[in-house]
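Notes for the one structure printed next.
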Amino acid sequence: MVVQCQVEVLYFAKSAEITGIRSETISVPQEIRALQLWNEIEARHPGLADVRNQVIFAVRQEYVELGDQLLQLQSGDEIAIIPPISGG
Amino acid sequence: GEDLNEVEENSKDVIKFTSEKLSIDEVSQLVISPLCGAVSLFVGTTRNNFEGKKVISLEYEAYLPMAENEIRKICSDIRQKWPVKHIAVFHRLGSVPVSEASIIIAVSSAHRAESLQAVSYAIDTLKAKVPIWKK
């Protein structure tokens, strides 16, 4: 049985417009590859497919590429979907 | 005169996000020190054009706790690379009209070379790494 945990997903900018929410808690496997985590989120909000190539993913406030990296998540972890950065 | 060893001053990293208009005077006052002969500043302001279009104002948003942490990392990097005294980074959020400042970075150091380099590094790295964006 795959151990699940509850993580909080924060949506910003375009992704917040697409999902219609700023945040939600979702249940995902504790051990999951970054791209799979994205797919779980996209499954809940299919419109996010439109921005998949433009968003930046952050897990526990560290940038994560949408790729193979194996994540070890814990309940309460914060996932953020942010647009390309343009500060300064 | 005062014994140099008696002038103790803890080095500060001051990071602030605000929707209020930024003040160059306020930010530079935060880093001025009797130990320093140089204060270097970068002020980023809203330009009136972008990709051929007219701009009236830019609106900034940030993923705040991470943005602050990323700026702290930049301050830490700066201190590893150069002997600077105080660092202040102020970023405005919300609407920033043309010619107003969206960011002010101030760094003080004993001599000018290090604060000039640190400021340049700070703005370049902030633009590359800190989760702030224009809406």
Side-chain angles (χ1 to χ4, degrees), chain A residues 5-26 28 34 37-38 40-42 44-45 47-48 50-67 69 71-88, chain B residues 15-19 22 27 41-47 50-51 53 55 57-74 88-96 100-106 118-135:
Chain A
C5 62
Q6 314 289 312
V7 297
E8 195 183 5
V9 184
L10 305 180
Y11 299 100
F12 292 97
K14 198 86 204 279
S15 71
E17 282 170 41
I18 290 169
T19 60
I21 51 174
R22 307 229 58 136
S23 69
E24 64 178 343
T25 303
I26 65 173
V28 292
L37 177 56
W38 170 265
E40 293 265 348
I41 294 167
E42 199 185 292
R44 286 165 168 80
H45 307 282
L48 287 175
D50 289 346
V51 293
R52 176 160 137 166
N53 294 323
Q54 290 112 54
V55 295
I56 296 182
F57 214 41
V59 177
R60 287 188 299 266
Q61 299 187 27
E62 295 286 340
Y63 294 118
V64 172
E65 257 189 57
L66 286 185
Q69 183 186 337
L71 306 170
Q72 304 289 346
L73 300 175
Q74 289 180 342
S75 276
D77 277 354
E78 198 169 271
I79 316 289
I81 302 189
I82 61 184
I85 65 180
S86 54
Chain B
I15 299 166
K16 188 170 173 184
F17 291 91
T18 177
S19 54
L22 300 182
V27 182
L41 291 178
F42 173 78
V43 181
T45 60
T46 297
R47 199 175 62 242
F50 183 71
E51 290 178 351
K53 290 184 234 171
V55 172
S57 72
L58 291 175
E59 182 146 354
Y60 289 91
E61 198 180 3
Y63 174 26
L64 266 177
M66 185 175 174
E68 187 171 333
N69 283 333
E70 288 294 310
I71 297 178
R72 287 213 182 276
K73 287 184 199 171
I74 292 172
V89 179
F90 277 44
H91 203 296
R92 191 167 169 191
L93 299 177
S95 183
V96 184
E100 290 188 23
S102 49
I103 186 168
I104 301 176
I105 299 174
V119 165
S120 182
Y121 174 86
I123 183 61
D124 288 349
T125 311
L126 183 140
K127 280 181 167 296
K129 295 203 178 165
V130 178
I132 303 171
W133 55 88
K134 300 172 183 41
K135 288 182 84 166

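Chain letters run A, B, ... following the sequence lines, proteins first, then strands; residues in each count from 1.
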Q: Among the options B/Ile104, B/Val89, B/Ile123, B/Val130, pick out the one with the most heavy-atom pairs lying under 4.5 Å from chain A.
A: B/Val130

Q) For B/Lys134, does the NZ atom sit with more than 12 other heavy atoms under 6.0 Å from it, leaving out its own atoms? A) yes

Q.
If we ignore hydrogens and angles and just use 3.5 Å, is the side chain of B/His91 paired with the main-chain N or O of A/Gly87 as donor and acceptor?
A. no

**Q.** Contacts of residues 54-67 of chain A with chain B (heavy atom under 4.5 Å)
**A.** A/Ala58, A/Gln61, A/Glu62, A/Tyr63

Q.
Between B/Pro131, B/Ser102, B/Ala128, who has the most heavy-atom pairs with chain A when the cutoff is under 4.5 Å?
A. B/Pro131

Q) Of all the residues in residues 60-67 of chain B, which have a heavy atom that comes within less than 4.5 Å of a heavy atom in chain A? A) B/Tyr60, B/Glu61, B/Ala62, B/Tyr63, B/Pro65, B/Met66

Q: Heavy-atom pairs under 4.5 Å with chain A are the metric here; pick the option from B/Glu70, B/Lys129, B/Lys135 that has the most.
A: B/Lys129

